[in-house]
Amino acid sequence: MPETIIEVRDLVKHYPLTRGILFKKQVGAVRAVDGVDLDLYRGETLGIVGESGCGKSTLAKMLVHLERPTAGVIRYKGEDITKLSGRALKAVRRNIQMVFQDPYTSLNPRMTVGDIIGEPYDIHPEVAPKGDRRRRVQELLDVVGLNPEYLNRYPHQFSGGQRQRIGIARGLALRPEVIVADEPVSALDVSVQAQVVNLLDRLQDEFGLSYVFIAHDLSVVRHISDRVGVMYLGRVVELGRDEEIYDHPTHPYTQALLSAVPVPDPEAREHRDRIILHGDVPSPAHIPSGCRFRTRCWKAQERCALEVPLLAVPAEFRLTAEGPARHPSACHFAEERRVVPPEPPEPSEPPEAPEAPEPPEPPESSVG
């Protein structure tokens, strides 16, 4: 059994909705994260996917303690960090770092690259003495594939991909055990995305990192993740290994997401099982009763409005032998459904053409 480095149990984050100017009264709440259970194992990458507004970024901020949860527990190596403050919180933050989504706004434009990457050493001076910091910053620049002599340049002198590498170098400065990457490639071109994802892969092997990788691009998540959690309206609705989620999805929402992935092959695109969802995503301030996906689900029945489905292995899969669909899914009517087009069949060899008859020999010509 792999070692659990972060354990999340029943995590909740509600933002109050108030009315009034002088005497404010709470009239509701935006339920951004509403009961999430997750485990992050040492050395793995846990991908989190879902539509915009499903609570992915709020979850990321709570993991690094930029947001305090309304309820629930986050344990780092068995210790509850949700109520830590002062020196205890500072020690935990050294081991859980974050790479932010936008490389254009997450770097201070008034600071040089050397100051940006070296700033964590000002907060944690015990990690690197002052006389050694310049060398360490240059080493980090080299690790992320940038020229070590760039440390005196400013962020505006770099491209988007280079700025994201600077953000990754800053996250590595304190040698953390966990990096929470909140959509680190969404603002980059496709070719640059591949470079950054490959860099994260290499750094994980080199430094033994554990990642929480948050994104909405399903192809990127599949490339880098060991396990994938699918979020919808503040909850995880399906969780499993990447091949289980992508090849054998059981939750209707996951199936709809995967059916929307672009397919470059025109012939395969014609044979894919496309699922069209009707209606809009409900407001997180007015979440439907029972299953929160039922207002857009083609399987919805009366039970879905009355009972909240638990994130568990469906009974029909639980009673069978180990199989690819045997992973937790929060649906009363979970069933395996292939939504990606099958692999195109290998072309058969053309039949051998019959041998052409040999041409007749020309008649001998006579002279005279």
Side-chain angles (χ1 to χ4, degrees), residues 3-9 11-13 32-33 36-50 52 54-69 72-77 79-82 84 89-103 105-107 116-117 119-120 123-124 140 144 163-188 193 196-197 199-201 203-204 207-217 220-221 223-231 234 236 239:
E3 177 188 355
T4 301
I5 192 167
I6 289 184
E7 181 183 355
V8 176
R9 291 293 177 268
L11 193 63
V12 174
K13 180 61 179 179
V33 175
V36 168
D37 293 335
L38 287 174
D39 290 317
L40 176 67
Y41 302 129
R42 182 176 293 279
E44 80 156 351
T45 299
L46 175 63
I48 305 293
V49 300
S52 297
C54 70
K56 306 186 301 294
S57 294
T58 303
L59 173 63
K61 291 175 183 177
M62 287 192 287
L63 291 177
V64 296
H65 220 285
L66 293 178
E67 292 276 3
R68 284 190 176 271
V73 173
I74 303 173
R75 294 189 182 94
Y76 169 68
K77 292 183 175 180
E79 179 185 12
D80 184 5
I81 66 173
T82 55
L84 294 182
L89 177 59
K90 182 179 175 182
V92 170
R93 278 183 169 161
R94 174 183 168 181
N95 292 305
I96 306 176
Q97 292 290 301
M98 187 167 183
V99 176
F100 294 92
Q101 176 178 356
D102 190 352
T105 59
S106 61
L107 304 180
I116 290 172
I117 299 176
E119 188 175 20
I123 302 170
H124 298 271
L140 287 168
V144 298
R163 294 187 197 194
Q164 198 61 290
R165 289 171 183 262
I166 294 169
I168 294 170
R170 177 177 58 185
L172 291 173
L174 300 176
R175 293 290 192 268
E177 294 183 309
V178 177
I179 287 185
V180 179
D182 183 16
E183 304 211 31
V185 297
S186 63
L188 307 177
Q193 287 183 7
V196 173
V197 169
L199 171 64
L200 291 172
D201 255 342
L203 294 177
Q204 184 174 41
F207 295 100
L209 299 167
S210 303
Y211 290 143
V212 177
F213 189 91
I214 294 172
H216 60 266
D217 190 325
V220 172
V221 172
H223 176 80
I224 196 172
S225 299
D226 300 300
R227 290 187 302 131
V228 178
V230 182
M231 286 191 69
V236 176
L239 179 65

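Across L40 and Y211, no two heavy atoms sit closer than the pair CD1-O, 3.4 Å. In terms of heavy-atom proximity, V99 sits nearest to G167 at CG2-O, 4.3 Å. Here the shortest heavy-atom pairing between P184 and I214 reads CD-O, 3.8 Å. The nearest pair of heavy atoms linking L46 to G229 is CD1-N, 4.4 Å. Closest approach of A91 to N95, counting heavy atoms only: O-ND2, 3.5 Å. Nearest heavy atoms, A169 versus I117: CB-CD1, 3.8 Å.
Salt bridge present: R227 and E44 bring a charged side-chain N and a carboxylate O closer than 4.0 Å. Under 4.0 Å is where a charged nitrogen must lie from a carboxylate oxygen, and between R42 and E3 at least one such pair does.
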R170 and I168: CA distance, side-chain angles, deciding distance, side-chain contact (heavy atoms from CB on, under 4.5 Å) verdict: CA-CA 5 Å; R170 177 177 58 185; I168 294 170; over 6 Å; no

E177/K77 under salt bridge (charged side-chain N to carboxylate O under 4.0 Å, His left out): CA gap, chis, key distance, verdict: CA-CA 11 Å; E177 294 183 309; K77 292 183 175 180; 2.9 Å; yes

Stepwise side-chain contact (heavy atoms from CB on, under 4.5 Å) test for M231 and V36: CA-CA 9 Å; M231 286 191 69; V36 168; 4.2 Å; yes

Stepwise side-chain contact (heavy atoms from CB on, under 4.5 Å) test for I5 and Y76: CA-CA 6 Å; I5 192 167; Y76 169 68; 3.9 Å; yes

Test side-chain contact (heavy atoms from CB on, under 4.5 Å) applied to L209 and V178, step by step: CA-CA 6 Å; L209 299 167; V178 177; over 6 Å; no

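Side-chain contact annotation: Q101 with S186, donor-acceptor N/O pair under 3.5 Å present. Side chains of D39 and T4: a donor-acceptor N/O pair is absent below 3.5 angstrom, by distance only.
Side-chain contact between L107 and I166 is present, with at least one heavy-atom pair separated by less than 4.5 Å. Under the 4.5 Å side-chain criterion, counting only non-hydrogen atoms from C-beta, I74 is not in contact with R9. Considering only heavy atoms from C-beta on, L63 comes within 4.5 Å of V212 through its side chain. Residues L89 and H65 are in side-chain contact: their nearest non-hydrogen atoms beyond the backbone lie under 4.5 Å apart. Counting only heavy atoms from C-beta outward, the side chains of M98 and D182 approach each other to under 4.5 Å. The closest side-chain heavy-atom distance from V8 to D37 is not below 4.5 Å. For the pair V33/V12, no side-chain contact is recorded, criterion being any heavy-atom separation below 4.5 Å from C-beta on. A 4.5 Å side-chain heavy-atom check between I179 and L203 finds every atom pair outside the cut-off.
R165 places no side-chain N or O within donor-acceptor distance of the main-chain N or O of V196, the cut-off being under 3.5 Å. Side-chain atoms of Q193 come within 3.5 Å of backbone atoms of L188 as a donor-acceptor pair (strictly under, hydrogens ignored). The backbone N or O of G234 lies less than 3.5 Å from no partner atom in the side chain of K13, so there is not a single donor-acceptor pair. With hydrogens and angles ignored, the 3.5 Å screen pairs no side-chain donor or acceptor of E67 with any backbone N or O of K61.
Distance check, rounded to the nearest 0.5 Å: CG of D201 to OG1 of T45 gives 7.0 Å. The line from CD1 of I96 to OG of S210 is 10.0 Å long, rounded to the nearest 0.5 Å. Separation of atoms CD (E183) and NZ (K56) is listed at 5.0 Å; rounding is to 0.5 Å. The structure places CD of Q97 at 12.0 Å from CZ of R175, a figure rounded to the nearest 0.5 Å. Here the CG atom belonging to L38 is positioned 6.5 Å from the CG atom belonging to L239, to the nearest 0.5 angstrom. In this structure, I81 CD1 and M62 CE are separated by 11.0 Å, a value rounded to the nearest 0.5 Å.
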